[in-house]
Amino acid sequence: MRRREPEDRRDQLLRAALAALSETGIEAFTLAEVARRADVSPALVVHYFGDRDNLIEATFRQLVERVTTRPIKALADGASPEERLRAFVLEHLNPGELSSEASRAWLSFWGLALHVPALARLQRVHQERMISNLKHELRNLVLPEAVSRIAETIGALIDGFWLRAALASAWKPDVQIPVDWIFAAIERDLASHRLPAGVEAGRAAEAEFETINPATGEVLATIRIDGQAEIDKAVAKAAAAQRDWARTPGVERGRILNRAAQLLVENNERLARLEAQDTGKPIQETIAVDVLSGADCIEYFGGLARTIAGEHHDLGPAAFGYTRREPLGVVAGIGAWNYPIQIACWKSAPALACGNAMLFKPAELTPLTAIELEKIYTQAGLPDGLFQVVQGKAETGQMLSRHPGIAKVSLTGEVGTGKKVMADASATLKLVTLELGGKSALIVFEDADLDEAVSGALLANFYSAGEVCTNGTRVFVHHSVQKAFLAKLKARTEAMIIGDPLDPLTQMGALISQGHMERVLHYIELGQQQGATLLTGGHRVTAGALAKGAFIAPTIFTDCTDDMTIVREEIFGPVMSVLTFEEEEEVVTRANATDLGLAAGIFTNNLTRAHRVIAALEAGTCWINTYNITPIELPFGGNKQSGLGRENGKAAIEYFTQLKTVYVAMDKIDAPY
Ligand code: NDP
């Protein structure tokens with residue numbers, strides 16, 4: 001018989017918890033009751049969830065996932081906004097779910113959310129998500145002023161039916177009557193507020209958004225949102241420009257890119273300051289890395305542009321064949337907020353070198369430096385239309401991944417976003433490159449140089465306030481050196497300077513937003529609840545002017561176990577989990593026990609072991625005796641659910657070109673007819 005794996009076991013316990021909540025209610029809900037239903041010992045439930053509160057939260061988290069999975073899938077499947085809206089509502093009122101244990105547990109969830117902040121947060125996120133999905137489809141159907149009201153009304157009706165299903169024990173599971181009623185109401189509302197013919201659908205109801213300095217709360221700029229009409233126009237302009245660009249010799253394309261790289265270097269100080277203000281990262285980082293690594297990338301692909309070539313194949317005296325490496329056409333880049341200008345460069349440089357045009361959407365939280373990059377490309381002589389920045393939120397990104405005139409999307413973002421982009425891109429069979437999240441392992445063996453290993457762990461967790469995709473947040477330390485390692489780690493962490501990002505002495509700045517800070521603090525709370533020991537940090541930093549910003553002290557947890565939420569999920573903040581191991585094989589198995597596979601690092605002075613362990617680790621980018629170094633010459637990307645495709649290095653050329661195969665006959669055709 002197959003041994004029950006931890007994930008199966010967790011799911012089994014959560015199923016038992018849901019059944020208990022539904023049947024006996026919250027009052028009688030105990031760990032012992034859940035253990036009894038799952039036919040396991042109460043200690044096992046404690047092992048997985050710590051205490052009753054954690055179990056309740058995990059159960060509701062899973063319930064929210066269950067309730068939303070089908071409606072969200074229905075959104076991806078529908079062909080028109082109207083169809084998607086209808087399917088979304090129908091799936092929310094799915095009779096099977098409404099009449100199931102889920103609806104009774106849902107009632108407990110709402111009741112508890114009144115008193116438990118973590119559940120209130122979960123409930124708020126769920127509702128915001130539902131309303132935002134409704135609004136997104138409605139924007140394509142009705143006038144902007146009607147969008148919010150109709151979305152809120154549908155949301156309230158859905159919530160109402162769920163609660164009623166739970167409360168009215170005699171209520172029939174037949175939802176046809178309420179569903180018909182909702183649709184009749186929607187139809188009436190749609191009829192009186194429908195977008196008039198000729199009005200561009202997709203123009204976002206919200207026409208602009210503000211970008212905020214997360215260190216001070218100050219508004220830096222107001223940005224106009226691009227809707228479908230603007231995206232269509234940008235694609236047409238890019239397509240026209242790309243036709244000539246594709247015919248421009250690589251050497252000339254390369255010269256323009258080299259000029260752009262030079263201009264970036266010349267503007268480093270100004271751009272680094274802007275990036276520090278938009279992201280909250282310390283200027284000592286943005287001035288040394290963000291802009292310059294972007295410039296380095298453009299210079300690298302500027303050099304490669306003249307080398308892009310196909311192959312010749314000798315097929316004997318009567319024929320030969322060759323391949324042409326051709327551009328894809330108009331491609332899209334969608335960026336995350338942690339390395340805004342670097343990501344814009346990493347995507348645009350290979351795209352342009354290969355003869356494509358690129359539409360680039362920066363993250364809504366960090367829209368500013370991509371605009372500067374567009375200006376720099378223009379100043380360097382890049383023909384108009386070849387690199388255009390489009391601005392907006394997820395909806396604008398979606399317009400890119402769904403656009404029939406775009407041949408490829410390269411996204412840097414969360415795993416969930418990657419899945420949505422891939423689903424959207426599939427309708428037009430676009431190529432996708434996905435640079436997604438991670439939960440990477442950093443392994444410190446007993447023979448490692450401990451000072452070096454501590455440097456690696458600090459870089460792997462606290463650079464950019466921990467907002468780095470490749471971060472090695474699961475630090476496995478051999479038990480024999482753990483005590484010494486932790487002493488050094490604690491001392492050096494507590495000496496870090498946290499403060500105003502624009503002060504050159506600051507080593508750690510603000511997190512990207514107040515909302516993200518809340519999320520990270522919630523993970524810290526969970527770490528403590530689930531039994532990890534806080535070695536240092538674990539709180540906001542609010543001294544003086546920092547109180548206005550999103551600052552968290554660098555945080556280290558020890559006594560962590562593999563099943564803790566902080567060890568399993570990407571936190572994307574300054575939170576390190578330290579774990580202990582005994583054997584090489586054991587640590588490799590534990591390091592690989594995740595669906596993610598972005599990066600990994602090891603510290604050891606044993607050469608043979610270094611290569612043996614690296615070969616066994618399931619990760620796309622690995623380091624031996626260092627961490628988080630990503631030279632442009634080396635391909636970069638993730639395995640498993642951390643991504644598809646590679647950026648940087650010569651490998652990136654393959655992801656921005658397509659092959660054409662040509663057979664050339666040198667002799668008469670030997671026709672049998
Ligand atoms: P998100 O996935 O939230 O957003 C990434 C980009 O996608 C943003 O521009 C966002 O717009 C846009 N977007 C969101 N939803 C959709 C959609 N449905 N269709 C199209 N576009 C969409 O990531 P974050 O910005 O929060 O960045 C953090 C994440 O990025 C972390 O998981 C991190 O690990 C990962 N990352 C991965 C890297 C890698 O190279 N592997 C490097 C850096 C970060 P909007 O801003 O409006 O939400």
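Along the sequence shown, residues carry numbers from 1. Counting starts at 1 for both ligands and their atoms, in listed order.
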*asked:* Tell me whether ligand 1 is touched by Gly638 - counting only heavy atoms on the residue side and a distance under 4.0 Å.
replied: no
_At under 4.0 Å between heavy atoms, is it the side chain or the backbone of Leu411 that contacts ligand 1, or both, or neither?_
side chain
Scan the side chains in residues 281-291 for donor-acceptor partners under 3.5 Å anywhere in the protein, sequence neighbours excluded, and list what turns up.
residue, atom, partner, partner atom, Å
Lys281, NZ, Asp290, OD2, 2.6
Lys281, NZ, Asn338, O, 2.8
Gln284, NE2, Pro504, O, 3.0
Gln284, NE2, Thr506, O, 3.3
Glu285, OE1, Ser464, N, 3.2
Glu285, OE1, Ser464, OG, 2.8
Glu285, OE2, Ser464, N, 2.9
Thr286, OG1, Ala272, O, 2.9
Thr286, OG1, Ile283, O, 3.4

*Could you tell me whether Asn338 and ligand 1 have an N or O pair separated by under 3.5 Å?*
no
*Determine, for Arg402 against Asp424, whether the closest basic-nitrogen to carboxylate-oxygen distance falls under 4.0 angstrom.*
yes
_Less than 4.0 Å is my threshold; does some heavy atom of Gly416 fall inside it relative to ligand 1?_
no
*Just heavy atoms, cut-off under 4.0 Å: does Lys420 contact ligand 1 by side chain, backbone, both, or neither?*
side chain
*Option whose closest heavy atom lies nearest to atom 25 (O) of ligand 1, chosen from Phe209, Trp337, Phe360*: Trp337
*For ligand 1, is any non-hydrogen atom under 4.0 Å from Val421's backbone (N, CA, C, O), its side chain (CB onward), both, or neither?*
side chain
*Can you check whether Ile552 reaches Met517 side chain to side chain, under 4.5 Å on heavy atoms?*
yes
*Do any nitrogen or oxygen atoms of Leu436 come within less than 3.5 Å of a nitrogen or oxygen of ligand 1?*
yes
_Location of contacts on Glu467 toward ligand 1, heavy atoms closer than 4.0 Å_ = neither
*Is Lys408 positioned over the aromatic face of Phe656, cation under 6.0 angstrom from the ring centre and no more than 45 degrees off axis?*
yes
*Consider every N or O of Ser642 and every N or O of ligand 1, then say whether any pair is closer than 3.5 Å.*
no
_Winner among Ala394, Gly643, Gly413, Gly438 once heavy atoms are compared against atom 4 (O) of ligand 1_ = Gly413
*Consider every N or O of Ser401 and every N or O of ligand 1, then say whether any pair is closer than 3.5 Å.*
no
_Using a 4.0 Å cutoff against the non-hydrogen atoms of Gly392, which atoms of ligand 1 qualify?_
47 (O)
*asked:* Below 3.5 Å, N or O to N or O, backbone or side chain included: is there any such pair between Glu414 and ligand 1?
replied: yes
*Does an N or O anywhere in Gly335 fall below 3.5 Å from an N or O of ligand 1?*
yes
_Contact check, Tyr339 vs ligand 1, heavy-atom distance below 4.0 Å_ = no
*Would you indicate which of Asp424, Thr417, Asn648 comes nearest to atom 16 (C) of ligand 1 when only heavy atoms are counted?*
Thr417
